[in-house]
Student: 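I am attaching a structure below and will ask some questions about it afterwards.
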Amino acid sequence: MGAVSKPLSRFWEWGRNIVCVGRNYAEHAKEMGSAPPAEPLLFLKPSSAYVREGAPIVRPYYCRALHHEVELGVVVGRGARAVPRDAAMQHVAGYALCLDMTARDTQDECKRKGLPWTLAKGFGTSCAVSDFVPKEQIPDPHKLQIWLKVNGKMRQEGDTSSMIFSIPYLISYISHIFPLEEGDLILTGSPKGVGAVEVDDEIEAGIRDVVSVRFKVAQEAPESKI
Ligand SMILES: CC(=O)CC(=O)C(=O)O
Ligand SMILES: [Mg+2]
C-alpha cells in the first residue's frame, strides 16, 4: 500500500480498512436474538464511512431505523500478518471511541435474504470516531467503560472487560485471515442497549475519563436518491 504522509493520530485520513467485530458482547448478542459466536463475526466498512465531530451522522435514504452502537476502536500501528496472540498488542498504536451506526431495518432484511450487511453497515457517516488516544494513555483497554446518550438520556453503558474475544485474540484471528495494516481500525463490538435515533437527535458518547464525542443526526437529502 502507498506511503501515507499523515500522522497516525489522523488515522481516519489514511483510507485504510475498518474491520468490525459483531456480537462480541453476550448481552448484546442476546438482545439481537443471537447466540454468542464460536469465533469472531467480522464485517468491513469502507474508509469513506468515517465521520468526525462537526459533521452530522446522516441517515441513509433507504433507512427507517438508524441504530447507534458504541464501540471501542483499536488503531493498528504496525502491520500484522498471522501474528500470535501473545505478540498482538505490539501492533496497537492507540484507541478511539467509535459509533458503528447501523441501518437496522436494512440489516434485518439482509439477514432474512442471506445478503451481506454492506448497505446496513457501510453507508457514508456510518463510522463516527473520536480523536486518537495513544496506547500509553490506556494501560489496559479491557478495563474501560464506554457509554452513549441520546438527547441527554443514557442508552448504553458497557465495560470492555465483558468482551467475548479480547483485543489480542481479535488481532491474531483477523491477521490470520488477512494482513492488518498500519492505520487500520478494528471496531471491537457493541455492548447491550443499542437503539434507534431520529433526525435532529443528539448523540453523546465516550470512553469514561478518556475521550468523548457529540454528533447530530441528519437525513440524507432526497435528491440523492437513485
Ligand atoms: C448485529 C450487529 O450489528 C453486530 C454488531 O455490529 C455488534 O457490534 O455486535
Ligand atoms: Mg457493531
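FYI, side chains are in, hydrogens and waters are out, and symmetry mates aren't considered; it's all heavy atoms of this structure. Note that ligands are numbered from 1 as they come in the structure, with each ligand's atoms numbered from 1 the same way.
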Student: Are side-chain heavy atoms of V92 and V75 found at a separation under 4.5 Å?
Tutor: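 The answer is no, as the side chains (C-beta and beyond) never meet within the 4.5 Å cut-off.
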Student: Measure the spacing between CD of Q107 and NE2 of H67 and express it to the nearest 0.5 Å.
Tutor: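 It is 9.5 Å, given to the nearest 0.5 Å.
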Student: Can you see whether R155 engages H68 through a side-chain donor-acceptor pair at a distance of less than 3.5 angstrom?
Tutor: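 There is such a pair between these side chains.
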Student: Can E202 and N151 be counted as having a side-chain donor-acceptor contact under 3.5 angstrom?
Tutor: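 Result is no, nothing qualifies.
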Student: Quick check for you: within a radius under 2.8 Å, how many protein N, O or S atoms neighbour the Mg ion (ligand 2)?
Tutor: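 N, O or S atoms of the protein closer than 2.8 Å: 3.
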Student: Run the salt-bridge test on E182 and R16 with the 4.0 Å N-O cut-off and return the result as yes or no.
Tutor: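 The answer is no: the pair does not qualify as a salt bridge.
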Student: Could you check whether Q156 and S190, counting side-chain N and O atoms only, form a donor-acceptor pair closer than 3.5 Å?
Tutor: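 A donor-acceptor contact under 3.5 Å links the two side chains.
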Student: Less than 4.0 angstrom from a charged side-chain N to a carboxylate O is my criterion; do K143 and D159 meet it?
Tutor: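 No salt bridge links K143 with D159.
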Student: Will you find, in the side chains of T102 and K121, an N or O donor that is under 3.5 Å from an N or O acceptor?
Tutor: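 Distance-only check passes for T102 and K121.
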Student: If only side-chain N and O atoms count, and only distance matters, is there a donor-acceptor pair under 3.5 Å linking Y169 with E39?
Tutor: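 Yes - a donor-acceptor pair under 3.5 Å links their side chains.
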Student: Sort out the contact shell of ligand 1: every protein residue with a heavy-atom distance below 4.0 Å, listed by chain and number.
Tutor: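 Around ligand 1, where the cutoff is 4.0 Å for heavy atoms, the contacting residues are V21, G22, R23, H28, F43, E69, E71, D100, R104, Q107, W117, K121, G189, S190.
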